[in-house]
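Working notes, beginning with the structure itself.
Order of the sequence lines fixes the chain letters, A, B, ..., with proteins taken first and strands second; residue numbering starts at 1 for each chain.
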2 protein chains.
Amino acid sequence: MLHFLFRFGLLKFNMSQITIVDLAETLGLSKSTVSRAFRDSNDISAKTKARILAKAEELGFSPNLYASSLRGNRSQTIAIIIPEFGNKFFSQAIKGIELVARSKKYHTLIYVTDHNVKNEASIVRSLVNGRVDGVLISASGEGKDHSHLQALVDHNIPTVFFDRSYDDFRGHFVTGNDFESSRLATQHLIDNGCKRIAYLVINQNVSIGKIRMDGYKRALEDNRIAFQEELVLDTENDETENKAAIRNLIRTYRPDGIFASVERLAISAIRVAQEENLKIPDDLKLICFSCLDITDLLNPSLSVVKQPAFDMGKQAANFLFQSLDKPTEMVEQQTTLLESSLIFQDSSQRIRISKKN
Amino acid sequence: MLHFLFRFGLLKFNMSQITIVDLAETLGLSKSTVSRAFRDSNDISAKTKARILAKAEELGFSPNLYASSLRGNRSQTIAIIIPEFGNKFFSQAIKGIELVARSKKYHTLIYVTDHNVKNEASIVRSLVNGRVDGVLISASGEGKDHSHLQALVDHNIPTVFFDRSYDDFRGHFVTGNDFESSRLATQHLIDNGCKRIAYLVINQNVSIGKIRMDGYKRALEDNRIAFQEELVLDTENDETENKAAIRNLIRTYRPDGIFASVERLAISAIRVAQEENLKIPDDLKLICFSCLDITDLLNPSLSVVKQPAFDMGKQAANFLFQSLDKPTEMVEQQTTLLESSLIFQDSSQRIRISKKN
DNA sequence: GTGAAAGCGCTAACAC
DNA sequence: GTGTTAGCGCTTTCAC
């Protein structure tokens, strides 16, 4: 009785204290019946269900998430783990993921590792105790030790990688057809007269760094241009350092073309070129991976490999929900490649294309 | 016994089934003692605690989130609700929020409303049953009906708005000094010879739309320029429609300056100007709110009001955690204004500033 | 400093 | 189709 009064008292100030028991009492039903009204149960008559839902709406009640998760061992939550937030690729991908998740009535946790594998590991560790039902992740860097991923396997948490993966990860991976795009981008530079093409890579040991380099190398081979280690610049996560390294590369090895594996390295390259009084594309041609939607407004307009970020997010999420729906079917290692578009603009072309024509 | 075997069987495949009971048995302790090891309890000896934590680490155990949340009525989770993901402002703000949250060992849920108040309402409704301890939100649009926010109040969920708020929201709000920035931006256009300045607004009824317009109006007044309703364009969420409306505005009313309250409207304006063969800044001067970090690389370089997005996210999160730490202290309506920077570049200036000089 | 026991709100057998 | 009941894994009095 005291309990009831207490609850009743609270009610006035904090409706979150309503439970199915309260609802059941109000309606003269049992709590199981009320519970059934909120599940997809067909052990309940349509009228009763309607009556319960109406009352719930009236009282602003919805079932306590933690109680049902504890009971049912489901969290209705997934996690996204990404290395950074700096570019349109990730915001678009997240948008796609969140869209799919919401359509499935799932909630989405977001984590940013800042390209730090240690952070990635600690985040993963914080997820495996039931916090999430599944994980979408874009790998954060090299690190020989990916044992933190094992925890996801051990706890049967379906995991899908997107864009960036680890070599030793076995499971679903959704990414772009980066090898081919990189080959074509490099070929394009060659077609436009480049002989000394530098490759700017974010991290040679993470999948995209390596695969994009492979495409680059293949294009060189195809054209009997010798691969030169000096023209490959493996960068860090710091813009100032990167600019210095690019400046050094430009001064020392005088590339006539640059293929940048990520957008921000291309931006740094543009800035360095300006400072070094090099004209793009006349002195230096440039193409990069980017999902920026205003490359046409840059000066010069920027040639890019544009990944289908939004679709990649959606696809990755769809695969994840497939695994969640049928947890029994173990998905074998499987990689899905989505087509990127190559957009050739002024930054990479020998003959300037006039905009108005 | 059967139960034990079952659990033991599961153990081999799914470590998530370890509980404090298992840990307690293994160590010959009671589950309450084990539980205390994971809280900030001082009812436990340092050695016992260390022994428990070591074993937990060894077994890859961490306490079940849902059980403790159910028991303790805390979720260690906050939500971010934003209208869109399209620009750097939000990605930077989220980055700031996530950083603070992680430092507090909180998890961060992300929701995108796509500028739809209905979505916002349904998201909020899905949060009030204990899912989160607090909410950070940037308002999604007008809508006369903000009753969904009342649910947050009713359920005692601390809420902080950032960047965009509703007039009728009483509580903490962290935003930029938009009135002053807008006044100065408009004044700057006037100083550069503009007499017919159009104002492009995302939504006149959401706080930023209105306040930025107030700053714009003030600058007009200060310079005895009559405010003209026709020069204000209230836009929708669709780029094609917006471009058509901007084109119509330009053709019909021939503004010589544009002040855009958000970046994407400025981008649309640039595109329309190109199509209409208007030169920026010669025929049309332009300044806008934007957090883009490559405005200097645009053609022409874009004059902007740049908000401290990252700091805004951090501040908003800090205020939220203040409320979470002392739930008793009811925070009165309070607005925190952060200083934006005005960056005047070529798009708005009469005299072209040569880059190399 | 540690253990025993009650119960957070809900779900899912199982009865009827 | 509805009610009864036994826990999900944890925290927190309350003993000792």
Of all pairs that satisfy salt bridge (charged side-chain N to carboxylate O under 4.0 Å, His left out), the ones with a partner from residues 54-69 of chain B, not counting sequence neighbours: B/K55-B/E58
A/L70 side chain near B/L65 side chain, heavy-atom distance below 4.5 Å: no
d(CD, A/E25; C1', D/dG3) in whole Å: 14 Å
Only distances under 3.5 Å count here; give the side-chain donor-acceptor pairs of residues 93-107 of chain A to other protein atoms, sequence neighbours excluded, each with its distance to 0.1 Å.
unit_1, atom_1, unit_2, atom_2, d
A/E98, OE2, B/V112, N, 3.3
A/S103, OG, A/V100, O, 2.7
A/Y106, OH, A/D133, OD2, 3.2
A/H107, ND1, B/Y111, OH, 2.4
A/H107, NE2, B/R131, NH2, 3.3

Nearest heavy-atom neighbours spanning B/G130 and B/S75: O-CB, 3.6 Å
Whole-Å gap separating C1' (D/dC8) and CG (A/L70): 4 Å
Distance in angstrom units between B/D43 CG and D/dC14 C1', rounded: 12 Å
For A/F319, ring-ring contact (aromatic ring centres under 6.0 Å, His included) partners two or more places apart: A/H172
Touch class at under 4.0 angstrom, heavy-atom based, for B/I20 against every strand present: base
Contacts of A/F61 that satisfy ring-ring contact (aromatic ring centres under 6.0 Å, His included) - sequence neighbours left out: A/F38
Residue B/L29, side-chain heavy atoms: nucleotide from D/dG3, C/dG3, C/dA12 that is nearest: C/dG3
Atom-to-atom span, OH of B/Y66 to P of D/dG9 - whole angstrom: 14 Å
Interatomic distance where CG belongs to A/N64 and P belongs to C/dG7 [whole Å]: 18 Å
Phosphate contact (D/dG1 OP1 or OP2) by A/S45 side-chain N/O below 4.0 Å: no
Could you run down the sub-3.5 Å N/O contacts of the protein with nucleotides 4-6 of chain C?
unit_1, atom_1, unit_2, atom_2, d
C/dA4, N7, B/S32, OG, 3.2
C/dA4, N6, B/S32, OG, 3.2

Whole-Å gap separating P (C/dG1) and CZ (B/R39): 19 Å
Under-4.0 Å side-chain N/O to phosphate OP1/OP2 contact, B/T48 with C/dT2: yes
Spacing of A/F38 atom CZ relative to C/dA12 atom P, expressed in whole Å: 15 Å
Touch class at under 4.0 angstrom, heavy-atom based, for B/S35 against every strand present: base
Please list, one pair per line, the donor and acceptor atoms closer than 3.5 Å that link side chains of residues 310-317 of chain B to other protein atoms, with sequence neighbours excluded.
none

Interatomic distance, B/L27 CG vs C/dG1 P [rounded to whole Å]: 18 Å
